[in-house]
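What follows is a set of notes on a single structure, which appears directly below.
The model shown is predicted, which means the values in this text are computed figures rather than measured ones.
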Amino acid sequence: MRIISSIAALASLALVAACTEPVEDRPEPEETMMPVEPGGGIGDGATPLPELLGTEIPEALHGRWGLVPADCTSTRGDAKGPITIDAERIEFYESRAVVDEIEDQNTGMIRARFAFTGEGQEWTRDIEWRLSEDGAKLMRSETGEDALDEPLSYTKCETEGE
């Protein structure tokens, strides 16, 4: 009986061995790029994940900006083009915008969808705000439906003590 069990076991092993490919004949596994390195850094060629972009408007863009000099100096309340930017919002003459979804950003630029409210209405705009190299100008470019035809250029308003 022991001999029959041993023969059956050997036959089973021979069958299993015949069904498996030798290691050297197996195809190499495909290499996939990791978008984020194990330490949390961005891998070569990877784009930042949305949650890594942050949700605030870059600090370099903060402050008061005007389309014309009078936007920064008028005391009569007739300035219609000034904006004030902080980490959370952009305040316009009769509306305000908050970041809805960031597409790209760095220390001197943000490209995002902004959610606007003003005069009882709500709307969105895809806007890129880009700071000039000297930090004195801020360019506003829009894309998408109802976008402005041309970019706008704002000048940094001086504040007391500057």
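- The two residues F114 and I90 have their closest heavy-atom pair at CE2-CD1, 3.9 Å.
- A heavy-atom distance below 4.5 Å is found between the side chains of D104 and M109.
- Residues meeting the salt bridge (Lys or Arg N to Asp or Glu O under 4.0 Å) test with R96, sequence neighbours left out: none.
- Partners of E91 according to the salt bridge (Lys or Arg N to Asp or Glu O under 4.0 Å) rule, which considers only residues two or more places apart in sequence or in another chain, are R89.
- Separation of atoms CZ (R125) and CD (E142) is listed at 5.5 Å; rounding is to 0.5 Å.
- Ionic pairing of E101 and R113 is not present here: no N-O contact between side-chain nitrogen and carboxylate oxygen is shorter than 4.0 angstrom.
- The CG atom of L138 sits 6.0 Å away from atom CH2 of W129, with the distance rounded to the nearest 0.5 Å.
- The CD atom of E128 lies 10.0 Å from the CE atom of M139; values are rounded to the nearest 0.5 Å.
- The CD atom of Q105 sits 9.0 Å away from atom CD of E56, with the distance rounded to the nearest 0.5 Å.
- Looking at L61 and I110, their side chains come closer than 4.5 Å, going by heavy atoms from C-beta outward.
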Hey, can you pull the donor-acceptor pairs under 3.5 Å for the side chains in residues 143-155, sequence neighbours left out?
{"from": "Y154", "atom 1": "OH", "to": "R140", "atom 2": "NH1", "distance (Å)": "3.1"}
{"from": "T155", "atom 1": "OG1", "to": "K137", "atom 2": "NZ", "distance (Å)": "2.9"}

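- Residues V98 and I85 do not share a hydrophobic cluster, clusters being chains of Ile/Leu/Val/Met/Phe/Trp/Tyr side chains in contact below 4.5 Å.
- Atom CD1 of I83 and atom CH2 of W65 lie 8.0 Å apart (nearest 0.5 Å).
- The shortest heavy-atom contact between T107 and P58 is O-CB, 3.5 Å.
- With sequence neighbours left out, S95 forms a side-chain hydrogen bond (donor to acceptor under 3.5 Å, both in side chains) with no residue at all.
- Partners of A60 according to the side chain to side chain contact (heavy atoms under 4.5 Å, CB included) rule, which considers only residues two or more places apart in sequence or in another chain, are L131.
- When atom types are taken as modelled, the side chain of H62 and the backbone of T84 share no donor-acceptor pair closer than 3.5 angstrom.
- Taking OG of S141 as the reference point, atom CD1 of I127 lies at 9.5 Å (rounded to 0.5 Å).
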